[in-house]
Structure formats: structure tokens, C-alpha cells
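Since the structure comes first, as C-alpha cells, the remarks are kept for the end.
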Amino acid sequence: MNVAIIALVVSAQLPQDTVILKPVVVTATRIPVSADIVASAVTVLRGADLAAQGIRTVAEALRGVPGATVVETGSFGGQTSLFLRGGESDYVKVLLDGVPLNQAGGGLDLAHLTTDNVERIEIVRGPGSVLYGSDAMTGVIQIFTRTGREGRPARLGTELRAGSYGSTEGAVDVLDGGSRIRYSLRASRFSSDGLYPYNNEYRNTVVSGRVRFIADARSEASLTYRYGDAIYHVPTNSAGEPEDSNARGAERGPIVSLQLARILGSRLEARVLATLREARLLFNDEPDSPGEDGAFWSRDYVRRAAASTMVTWRARRPLTVTGGIDYEDQRQRGRSEFSASFGTFPDSIAVQRSNAGYYMQAVIGAARPVAITVGGRLDDNSQFGARGTYRVGVVFHPRDETRLRFSAGTGFKEPTFFENFARGFVQGNPDLNPERSRSWEAGLDRTLAGGRLSVAVTYFNQRFRDLIEFTFTPPPGEPNYFNVAGATANGVEADITGTLATGVVAAIRYTYLHTRVVEEGLDGGADGLFVAGQPLIRRPAHTIAPQITATLSDRAQVMVGGRWVGKRDDLDFRRPVGQRRVTLHPYTRLNLSAEYDLRRSERRGAGLVLSLSVQNALNDQASEIPGFQPRGRTVLIGGRVEFGL
């Protein structure tokens with residue numbers, strides 16, 4: 001997103017992993033510097049805008065971001081994956097107030113991650129391992145929880161929406177801001193009957209809150225807590241065919257973040273961050289009928305606990321140096337069992353690994369016309385040893401309205417616990433190397449027409465190495481996972497935003513992506529994931545996302561947005577072996593939203609805000625994944641009532 005758009009987001013808080021200071025946004029450096037000197041491509045999504053558009057999940061919010069492809073299995077709660085700049089679906093590190101949400105190894109199902117209590121979402125494209133370690137191969141996404149603002153009255157709000165597929169959504173929240181203590185608390189519940197006529201119910205309950213304590217002008221602390229409880233009934237098999245009447249999965253657990261910040265002097269600042277992410281994953285699939293032979297259940301507990309310390313020194317001249325240490329402990333334990341007439345096959349896992357990361361970064365030349373960012377990091381992992389990463393960026397301003405950017409760097413992603421430690425029918429490989437990326441990008445940002453039009457264009461080029469592949473037929477005595485494959489991804493991201501008239505803003509975002517497998521995997525046949533010379537699956541070559549937002553008065557707002565996703569390769573498991581690789585047709589989604597505010601004033605009395613959202617208004621039935629139905633036209637209507645306290 002163009003820097004002129006980024007600068008619209010403001011905040012007065014002390015820095016976290018991503019920092020916003022009026023009028024500055026920095027997600028790529030972990031310190032507050034002017035957005036003018038950030039070399040990476042950055043997009044900022046405001047929570048207030050997402051709420052006005054009726055966007056309930058982070059996945060929905062990301063669909064309009066340049067370079068991002070979101071793929072889901074159709075119904076509410078179905079498996080939802082993010083592919084950024086052509087990377088794998090586990091190549092993006094997702095943080096919530098500094099807490100890594102990914103499982104060990106990068107995997108993350110975005111289906112249950114909601115926009116509850118979100119102040120903003122910041123997306124940095126390009127490798128971010130130099131500051132964030134593993135999983136940040138193609139980008140970093142940070143979600144920030146809101147708190148009350150000083151000078152604004154406390155308020156209590158309730159929301160209720162209902163609509164298609166038997167969907168209902170309700171929430172209650174409270175927000176307050178004082179000179180020293182500011183907080184927010186929200187509880188929400190979403191439920192739906194789903195797309196299919198049986199066994200497709202979905203329920204998601206979220207409780208989230210954040211407290212910020214400002215001790216004095218030099219010190220502050222913040223505490224974030226979020227608990228999610230989601231259950232999804234699964235009627236379909238791997239081919240998308242509805243055939244199971246009782247399979248269901250659940251995910252529940254807390255997210256906790258505690259941050260302390262202290263300004264030690266005119267040039268020195270220190271920050272300590274402690275985080276915890278726990279999840280309990282459950283799956284049950286009993287026999288569907290008395291004659292069915294086979295049942296499966298699993299129970300898993302996963303935990304990521306981390307602590308970090310960061311010190312920032314600012315020289316009198318335009319030089320800022322940041323150094324830090326991150327330590328993380330990762331654990332998983334679980335049991336599963338498959339039983340049938342021919343036998344019972346139990347399995348279990350209890351594994352742990354740790355990682356220590358040491359990084360340093362220098363930002364040189366905060367004044368125009370040239371700024372340089374250089375950083376390096378060393379990670380020492382208890383499983384695969386030491387790995388180094390780097391990043392360098394240069395920004396040049398030939399004139400006030402023009403900005404040229406260049407950056408290059410490397411990233412890595414650790415193997416999953418299953419890839420390392422699986423046993424039984426599938427054998428993990430404890431000797432796997434991390435997957436690696438090397439990339440560079442160049443961009444141009446330009447404002448025209450006196451600031452009424454902004455254009456941002458970025459070219460990126462990436463190479464992925466040591467990709468981990470699974471094979472059903474390993475050599476005798478060998479594991480099922482190997483580092484074998486390699487691929488490339490390059491493309492163009494364009495973002496054009498302009499003011500058409502008073503209160504009317506139009507934007508169009510376009511992504512061109514070209515991927516190619518350059519090193520074939522072990523299963524390099526027609527149905528393989530990595531087939532030499534072929535594109536990576538589920539990555540469209542072209543994506544276009546236009547949007548018009550009209551503020552009709554100080555109370556009414558209407559948004560019309562669209563998304564056209566072009567052809568892409570995939571695997572269709574309904575077809576015979578050897579004929580499963582297919583090319584999917586393009587699809588179009590048109591979304592509408594409207595909001596009307598009946599409140600007289602934010603500062604007094606109760607008020608009512610009516611809202612309407614329509615997703616897939618044209619009822620396009622083209623699938624995102626072969627065999628899986630997309631949601632058809634989905635209408636949700638409701639309102640929000642607020643009370644001053």
C-alpha cells in the first residue's frame with residue numbers, strides 16, 4: 001500500500017513488534033521510523049473499516065491485499081489457507097500483539113481467526129526472518145488489539161446479525177480510555193448451519209481483551225488475552241464429496257501477551273515481551289452406520305512459549321541501531337487411534353524443541369533523499385542447528401512525490417513436528433533441514449493530482465530451496481519426508497487509490513504471479529505437488545480487486561468491492577490417479593456493504609448503527625478448490641447498539 005495511505009493510520013502507543021506513530025507506520029523494522037524510509041511493501045487494514053464492511057475473519061480481510069491468495073474449502077469454518085507471493089501456505093508468520101499464532105513449522109488454519117477487537121492489521125510482504133525468525137519466508141502479518149483512547153468516553157456496545165445459511169452473530173464489548181489505564185473487552189459468538197444438508201454446523205466463540213497501563217512518560221505495560229473455542233462439523237472427504245454424517249473437529253485455547261517498555265534515556269529504549277500460545281485440537285469420526293468398518297479419533301496439545309528482549313539506541317545523527325534476543329520453547333503431545341475389524345492402530349507423540357535467535361539492525365539516513373536498512377540474525381535450533389538470515393533495503397526520494405524502493409533478504413521455515421517426529425504408518429525425518437527462501441524486490445510509489453491519486457508498483461523475485469516433500473513410497477527403511485524440491489516465484493503488485501469526489505474513494509489492486517518448479521520432488525509424477533516445469537498449485541497468475549467506498553453523509557457509508565481470480569492449477573482427487581492435475585476456471589466475487597449511523601453523538605446517550613453485508617452477490621458457483629462448493633450469495637443484516645458509560 002502506498003505510504004500516503006499508510007500514513008492515515010495513527011496511534012499514540014509505545015512501540016510493539018509493529019509500530020504506528022502519527023503519521024508513521026513501520027511493520028518491517030520493529031522500531032518507530034518514518035514510513036518514507038521503509039523499503040518493504042506494506043499494507044495496513046484498519047479495524048474500523050473492516051467492521052463497516054461486515055468482515056468477520058482475518059482471512060476475508062486479506063483477500064484484497066496485493067500478493068495474497070486466500071483459499072478455503074467453502075463452508076464457514078472450513079480449512080482456510082493463505083499463499084503470499086507464491087509461497088507455501090505455511091510461509092507467513094502471523095502475530096497477534098506479538099504472539100505467534102502459527103503452529104511449530106508454520107501451519108495455520110485461518111478459518112477461526114476473527115477480527116474481534118482488532119485495531120489494525122499490518123502486512124509486510126517479503127522475507128521477515130531477520131527480525132521474526134522461522135515461518136516468515138514470504139511475509140509477516142501482525143494483528144493489533146484495540147484499547148480505549150484518552151479523552152474519549154467509555155462505552156458499552158452490543159451487536160447482532162443474522163442471515164444466510166442459518167447464520168447468527170452476536171457480541172458485547174466495552175471500551176474505556178483514561179490517562180493511565182486504557183482497556184477493551186469483547187465476547188462474541190458466531191454460528192451457522194453450513195452449506196451442506198447434514199453435519200456441517202459451525203460454532204466459534206471468542207473472548208478477547210487488552211489492558212494498557214501508562215506508569216509515566218517513560219514507562220508502560222500492556223497485557224493481551226484472547227481465548228477461542230471453535231467446532232466444525234466435516235461432511236466432506238478429501239475430494240469434497242459429502243459422505244460423512246458425524247466427523248467433527250475442534251480447536252480451543254488461549255493467547256497471552258505481556259509487554260513492558262521503558263525509555264532509559266534520551267537515546268536508549270528497552271522492551272521485554274513474553275508470549276504464550278496454547279491449542280487443544282480434537283477430532284472424532286465414529287462409524288456413520290452400523291455396517292461401516294472404521295473409526296478414528298485424535299487429541300493433541302500444542303504450545304509455543306516465548307520471551308524476548310530488545311534494546312534500541314538512537315544516535316543524534318540519522319542512525320538507529322536495534323539489537324535483541326528471542327527465545328522460544330515449542331511442545332506437542334497427543335494420542336490418536338484408528339480401529340477397524342482388521343485391527344486397532346494407536347499412535348502417540350510427545351516432542352519438544354527450542355530456538356534462540358540473536359539479531360541486530362541498523363537504520364541509516366532518516367533524512368531524505370537516501371535511507372538504508374541493514375539487518376542480520378542467527379538462529380540456534382535444538383533440532384537442526386544454526387541458521388543465518390539477512391536483509392538490506394534502500395529507499396531513494398528523487399522528489400517529494402516520488403519514492404523508489406529496493407530490498408533483498410533471506411528467510412527460513414523449520415519443519416513441522418510431524419515432519420520431524422512422525423512414527424507408525426508414516427515415518428518422520430529428524431535430519432530435515434529448514435526450508436529456505438532468497439528474494440529481492442523493487443518498487444515505485446508516486447502521488448499525483450495534489451495527493452488525490454496514489455500509485456504503488458512492486459516487482460518481486462523469489463527462490464525457494466530445500467522444500468520438504470512427502471512420499472508414499474520411500475526407499476526401504478527411509479522416512480517419508482525429504483528436502484528435495486525447489487521453486488521460483490516472481491510477479492508484480494500494483495495498488496492505485498484515488499479520490500473521485502468528496503467522500504468517494506476508489507481503489508484497484510492487481511497481482512501478477514508466475515511460479516515454476518525447478519527441482520522435481522520424489523513424487524514427480526503427474527499428480528505430484530512439485531512437477532518440474534509446472535506452476536505451483538493454487539497460485540493464480542492474475543488477481544484483480546477493485547473497490548469503491550462512498551461516504552454519503554456523516555452517518556451513511558456504502559462499499560462495493562470485487563475480486564476476480566484467474567486460472568490456477570490444482571489437484572482434483574475425484575479423478576483417477578495420474579489424471580488429477582487440472583486447471584481451474586476463473587471466479588468472480590462481488591461484495592456489498594452498507595452502514596447507517598443513527599447516533600447523534602459519540603459522547604452522549606445511546607445510539608444505533610444498522611449494517612448490511614452481501615458476499616458473493618452474483619452467486620458465482622465456481623470452486624476455489626476442486627470438488628468443494630463455494631458459499632453462494634450470503635446476506636447478513638443487523639445492527640449495533642452503543643451506550644455511553
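We number each residue from 1, following the sequence as shown.
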Expected output: side-chain E419 to main-chain T416 donor-acceptor under 3.5 Å = yes
Considering non-hydrogen atoms only, spot the tightest contact between V124 and S40 and give its length.
-> CG1-CB, 3.9 Å
Distance-only polar pair, side chains of R304 and N102, donor-acceptor under 3.5 Å = no
Test item: P430 and Q383 side chains (from C-beta on) under 4.5 Å apart, heavy atoms | yes
Please confirm whether W564 and Y510 have ring centers closer than 6.0 angstrom.
-> no
Pair T145, N117: side-chain N/O donor-acceptor within cut-off below 3.5 Å | no
Are the side chain of D90 and the backbone of G107 linked by a donor-acceptor contact shorter than 3.5 Å?
-> no
Heavy-atom neighbours of R303 CZ exceed 12 at 6.0 Å | yes
Kindly say whether L131 contributes a backbone atom to a donor-acceptor pair with the side chain of R30 at under 3.5 angstrom?
-> yes
Note, L82 side chain near V71 side chain (heavy atom, < 4.5 Å) = no
May I ask you to decide if D329's main-chain N or O and R331's side chain share a donor-acceptor pair within less than 3.5 Å?
-> no
Is R63 salt-bridged to E624, cutoff N-O under 4.0 Å?
-> yes
Please confirm whether the backbone N or O of F412 pairs with a side-chain atom of S129, one donor and one acceptor, at under 3.5 Å?
-> yes
In this structure, which one of D36, V370, T402 forms a side chain to side chain contact (heavy atoms under 4.5 Å, CB included) with H397?
-> D36
Just by modelled atom types, is the T29 backbone N or O under 3.5 Å from a matching donor or acceptor in the Q361 side chain?
-> yes
CA sep, side-chain torsions, deciding dist, call: R271, T312, side chain to side chain donor-acceptor pair (under 3.5 Å) = CA-CA 9 Å; R271 183 153 45 100; T312 300; 5.8 Å; no
Distance-only, no hydrogens or angles: does the E520 side chain make a donor-acceptor pair with backbone N or O of A532 under 3.5 Å?
-> yes
Could you go step by step and tell me if Q462 and N490 meet the side-chain contact (heavy atoms from CB on, under 4.5 Å) rule?
-> CA-CA 6 Å; Q462 300 178 112; N490 57 77; over 6 Å; no
Judged by atom type as modelled, is there a donor-acceptor pair below 3.5 Å linking the side chain of N429 to the main-chain atoms of Y481?
-> yes
Would the Y91 and F83 ring centres measure less than 6.0 Å apart?
-> no
Does the salt bridge (charged side-chain N to carboxylate O under 4.0 Å, His left out) test come out yes or no for R538 and E88, once each step is laid out?
-> CA-CA 10 Å; R538 299 184 179 173; E88 296 287 283; over 6 Å; no
Identify the heavy atoms of G86 and A489 that sit nearest to each other, and give their distance.
-> CA-CB, 4.2 Å
Assess whether ring-ring contact (aromatic ring centres under 6.0 Å, His included) is satisfied between F396 and F406, documenting all intermediate values.
-> CA-CA 9 Å; F396 174 59; F406 174 84; over 10 Å; no
Taking T147 for the side chain and R212 for the main chain, is one N or O donor matched with an acceptor at less than 3.5 Å?
-> no
Q259 (side chain) donor-acceptor with A221 (main chain) under 3.5 angstrom = no
